[in-house]
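Read the structure below first, then the notes.
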Amino acid sequence: LSSRASGILSAFNILANKEVDGVYDGQWKGSGEVVESKCPTTGEVLAHVKTASPAEVSEALAKTREAYLHFRNVPAPRRGELLRQIREGLANKREELGALVTLEMGKIRTEGVGEVQEFIDICDYAVGLSRMMNGRVVASERPGHSILEVPNPLGVVAVLSAFNFPVAVYGWNLALSLTAGNGTLWKPSPSTCLTSIAVTSIIAEILKKNDLPGALAGLVTGGQPVGEALVGSSKVDLVSFTGSERVGRVVGQKVMSRFAKSILELGGNNASIVMPDADLSLAVPGVFFGAVGTAGQRCTSTRRLFLHRQIASEFLERLQKLYISLKPGDPLDSDTLLGPLHTAAAVGLYTDTIEHLRTINADILCGGKGYDVTPFNGGNFVQPTIAIPKSVDMTDSIWSTETFAPILNVAVFDELDEAIGWNNAVPQGLSSSLWTRDLRNVGTWTGPSGSDTGIVNVNAGTSGAEIGASFGGNKSTGWGRESGGDAWKQYVRWSACTINFSNEAPLAQGVNFST
Ligand code: NAD
């Protein structure tokens, strides 16, 4: 293994190419299947991870429940103090953890570090939240009565996460879950186990320092069987799932069948619309980052671009210049903007989609293949692609399916309403953006006849959300919200408590039941 990779792993006491424990419930262990962690840039095997056996999943669940039973009685502001310490622990390892994300997931350095920063930010948010998770007092219609709406800790939260945000998504969930007084058990993507082990080890140290059980933030690495065990367990009160629509559909139904709670953060199929009055010096680089950033592997990546006829040619000319200037590089180098796809399977998906574009006679303006020269032979590098399909029927699979690769499909429109119609015509509803300087367009876009996605931007791209607002989508992107806003309200158990402090016991609605 390259010395640079070994150095990054050693910051978390992970020995390159050796076996490492992938389960934490207060103790490190792992006797299930052994999986490889592979570097997407070079194809090197970084380490072998011992994932959770079925018995270890049950044990971890029991321990996380036990930890919750203790932690739920710790006052919320003291839970906030724990979050403050976790924030410090993460900040101390910001660069090292960011580099590990880059090494294992493949995103470029600044984005790897950015993910860790997102976890730090949500911890800051949670510290404040710990003193503001307020219920409310409702006016009772009966004299001498009070009604309180009270948030209490919920129980055990299982976080199932995707490969593309191996730190931030867990961060959003853990910060709110801990602040709310819950125990959390994390099942990360099987291809980003090392990052989850590193994150868990940072948090475990802080729990230990505070005499709190490690299982409060437990870890069970593994694939589908481990995920299924968590989703099906009556010991899990909330399943927070981030991943594909295909798996999310199964997860959602299973959780619903046992009447537990779920948050589903599934695929996006995000559009940018550019109006003739848009400032192209903002819109062109905005669309470029949205479509090509993280090599098109964000749930919020721009996959559809709708250009007004008046600016379409100029826009595409300027955008293509940026695409052509892009060179694939080692994502660990600070000047690289384009890293590899995460897996060889993703390259296959990219190739199949390009093939499909060719069979439907789409114009491929640039890209459409791998690179002749790549920084490393074993890396999963592909050329970001701009294509113009002939059809603008959004029910065609080329438009209606999320392809998790840097392929941008373009269509030209004449009226804003037509473009909004296209934006809303696909099953997914995560993110969308409009580029305009006309206030009337902004009102239409953000109003009742506007975009139907969970994230609706103006003069800002589809990706790059901040933690302060709630994050999530509509329609087949799932339901529930994470991160800021009112998202914390899903991580608690709500009770409406009527308290009678009078000497009478009147019934509501004036019902008379006296004998
Ligand atoms: P995936 O659906 O393949 O896997 C997600 C997780 O589910 C993994 O941990 C996986 O091991 C687990 N899993 C697989 N089968 C399971 C089952 N039957 N029961 C329980 N768990 C199971 O997704 P991926 O390829 O890792 O990630 C890419 C997808 O995630 C894209 O569709 C992307 O849009 C989506 N995503 C969405 C958001 C969002 O916030 N909306 C954020 C990031 C990624």
Side-chain angles (χ1 to χ4, degrees), residues 22 32-33 35 40 49 51-52 57 104-107 111 115 118 158-173 185-193 195-196 219-233 236 239-255 257 262-270 294-303 341-346 348-349 401-405 426-432 453-455 462-465 467 469-483 487:
E33 188 196 352
V35 298
V49 179
T51 65
V57 175
E104 193 181 36
M105 187 276 157
K107 62 176 64 176
E111 294 190 64
E115 255 203 78
E118 218 168 328
V159 180
L160 280 68
S161 55
F163 77 82
N164 65 329
F165 275 93
V167 171
V169 166
Y170 177 60
W172 295 348
N173 280 284
L185 188 53
W186 182 18
K187 195 212 86 64
S189 167
S191 58
T192 54
C193 290
T195 303
S196 64
L219 174 71
V220 280
T221 57
Q224 183 175 335
V226 176
E228 284 174 345
L230 295 182
V231 169
S233 171
V236 174
V239 175
S240 178
F241 175 86
T242 301
S244 59
E245 288 164 76
R246 183 184 62 79
V247 178
R249 183 166 282 116
V250 177
V251 168
Q253 286 174 10
K254 272 199 190 159
V255 178
S257 74
S262 66
I263 297 174
L264 299 176
E265 299 284 359
L266 313 178
N269 188 0
N270 318 293
T294 330
Q297 299 168 104
R298 289 191 183 210
C299 51
T300 51
S301 289
T302 310
R303 311 213 176 276
L341 293 183
H342 183 55
T343 57
L349 189 72
T401 314
E402 176 198 49
T403 300
F404 221 58
V426 294
Q428 307 81 1
L430 181 55
S431 183
S432 56
T453 60
I455 298 166
T462 57
S463 72
I467 60 96
S470 60
F471 182 97
N474 303 324
K475 304 194 300 183
S476 74
T477 300
W479 54 72
R481 291 292 183 267
E482 290 181 341
S483 204

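Read the numbers this way: they start at 1 and go in the same order the structure lists the ligands and their atoms.
Of the protein's non-hydrogen atoms, Asn164 OD1, 3.2 Å is the one closest to atom 44 (C) of ligand 1. Considering only non-hydrogen protein atoms, atom 41 (N) of ligand 1 sits nearest to Leu266 O, 2.8 Å. Among protein heavy atoms, the minimum distance from atom 10 (C) of ligand 1 is reached at Lys187 NZ, 3.8 Å. Shortest contact from atom 24 (P) of ligand 1 to any protein heavy atom: Phe163 CD2, 3.7 Å. Of the protein's heavy atoms, Ser244 N, 3.5 Å lies nearest to atom 23 (O) of ligand 1. Of all protein heavy atoms, the one closest to atom 14 (C) of ligand 1 is Val247 CG1, 3.8 Å. Looking only at protein heavy atoms, the nearest one to atom 7 (O) of ligand 1 is Phe241 CE1, 3.2 Å. Counting protein heavy atoms only, atom 33 (C) of ligand 1 is closest to Phe404 CE1, 3.4 Å.
Paired with Thr462 under the rule side-chain hydrogen bond (donor to acceptor under 3.5 Å, both in side chains), one option of Asn270, Thr302, Thr300 passes, and it is Thr302. Screening Val159, Val220, Val169, Leu219 against Pro188 for a side-chain contact (heavy atoms from CB on, under 4.5 Å) leaves a single residue, Leu219.
Arg481 places no side-chain N or O within 3.5 Å of a backbone atom of Ala469 that could act as its donor or acceptor partner. Using modelled atom types, no side-chain atom of Thr477 and backbone atom of Gln428 make a donor-acceptor pair closer than 3.5 Å.
The Ser189 neighbourhood of ligand 1 comprises atoms 9 (O), with distances under 4.0 Å to a heavy atom of that residue. Close approach of ligand 1 to Leu160 (heavy-atom distance below 4.0 Å) involves ligand atoms 20 (C), 21 (N). Close contacts of ligand 1 with Pro188, meaning ligand atoms under 4.0 Å from a residue heavy atom, involve 9 (O). Within ligand 1, the atoms closer than 4.0 Å to a non-hydrogen atom of Thr242 are 5 (C), 36 (N), 37 (C), 38 (C), 42 (C), 43 (C), 44 (C), numbered from 1 in the order shown. Which parts of ligand 1 touch Glu228 is read off a 4.0 Å heavy-atom cut-off, strictly below it: atoms 17 (C), 18 (N), 19 (N), 20 (C).
Using a 4.5 Å cut-off on side-chain heavy atoms (C-beta onward), Leu430 and Asn269 make no contact. Between His342 and Met105, the closest side-chain pair of non-hydrogen atoms falls below 4.5 Å. Residues Phe241 and Val255 fail the side-chain proximity criterion, which asks for heavy atoms closer than 4.5 Å. Val251 places none of its side-chain heavy atoms less than 4.5 Å from the side chain of Ser262.
Taking the ring centre of Phe165 as origin, the terminal cationic atom of Lys107 falls inside the region bounded by 6.0 Å and 45° from the ring axis.
Among residues two or more places apart in sequence or in another chain, the salt bridge (Lys or Arg N to Asp or Glu O under 4.0 Å) test is passed with Glu482 by none.
The proximity of Glu402 to ligand 1, defined as any non-hydrogen pair under 4.0 Å, is limited to the side chain.
Heavy-atom distances between Phe165 and ligand 1 stay at or above 4.0 Å for every pair. Not close to ligand 1: Gly472, with no non-hydrogen atom less than 4.0 angstrom away. The closest approach between Gly473 and ligand 1 stays at or above 4.0 Å for every heavy atom of the residue.
Closest to atom 35 (C) of ligand 1 by heavy atom, among Gly227, Ser196, Gly223, Gly243, is Gly243. For atom 42 (C) of ligand 1, the nearest non-hydrogen atom from the set Ser161, Gly232, Cys299 comes from Cys299.
Contact record, Leu341 with Ala295: CD2-O, 3.5 Å, taken as the closest heavy-atom pair. Here the closest non-hydrogen pair linking Asn474 and Thr453 is ND2-C, 3.4 Å.
Atom 4 (O) of ligand 1 lies below 4.0 Å from none of the non-hydrogen atoms of the protein.
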